[in-house]
Amino acid sequence: MAFTPLHDRVLVRRVESDEKTAGGLIIPDNAKEKPAEGEVVAVGAGARDEDGERIAMDVKAGDKILFGKWSGTEITLDGEELLIMKESDILGLIG
């Protein structure tokens, strides 16, 4: 994949949720919500502060993250659905 996010943007792959509830009920596709959990695929170099210095990113490729339900812009790269979002849209790291 030839895509590199710019500045403080992050490329994210959604992590699919379970097909069953804890009680064993199967959840049909039309009743599932899009997961707000994902894996970081690529990160930009970071934003710049007022002096022009880079602000280091807090996430890196491979990190498992939690993000807001409506965060990011959906794109398709090489047939795969991904999200581009700002680092500030990420709520936290998982694990």
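Computed from heavy atoms alone, side chains included, the values below leave out hydrogens, waters and symmetry copies. In this chain, numbering begins with 1 at the start of the sequence shown.
Between the side chain of R9 and the main chain of K86, no donor-acceptor pair closer than 3.5 Å is present. Judged purely by atom type and a 3.5 angstrom limit, D49 uses its side chain to pair as donor or acceptor with the backbone of D51.
Within the model, atoms CG of D58 and OG of S88 stand 11.0 Å from one another, a figure rounded to the nearest 0.5 Å. Summarising the geometry, atom CD belonging to E74 is positioned 11.0 Å from atom CD1 belonging to I84; distances are rounded to the nearest 0.5 Å.
Counting all heavy atoms, side chain and backbone alike, A61 lies closest to V41 at CB-O, 3.5 Å. In this structure, H7 and M57 approach most closely via the heavy-atom pair O-SD, 4.2 Å. V43 and K60 get closest at one heavy-atom pair: CG1-CA, 4.2 Å. Across every non-hydrogen atom of E37 and I94, the tightest pair is CG-CD1, 3.4 Å. When all heavy atoms of V15 and E39 are compared, the closest pair comes out as CG2-N, 4.0 Å. Contact record, E87 with V59: OE2-N, 3.5 Å, taken as the closest heavy-atom pair.
The cluster map of Ile, Leu, Val, Met, Phe, Trp and Tyr, joined by side-chain heavy atoms under 4.5 Å apart, puts L93 and I90 in the same cluster.
Between I75 and L11, some side-chain heavy-atom pair lies under the 4.5 Å cut-off. Taking the side chain as every heavy atom from C-beta outward, L83 and F67 approach each other to under 4.5 Å.
Every residue two or more places apart in sequence or in another chain was checked for a salt bridge (charged side-chain N to carboxylate O under 4.0 Å, His left out) with D89, and none qualifies.
The existence of a salt bridge linking R13 and E80 is confirmed by a sub-4.0 Å separation between a basic side-chain nitrogen and an acidic carboxylate oxygen.
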Stepwise side-chain contact (heavy atoms from CB on, under 4.5 Å) test for I65 and V12 = CA-CA 9 Å; I65 61 166; V12 176; 3.7 Å; yes
Hey, mind stepping through R48 and I55 against side-chain contact (heavy atoms from CB on, under 4.5 Å) and telling me if it holds?
-> CA-CA 6 Å; R48 293 193 180 267; I55 300 170; over 6 Å; no
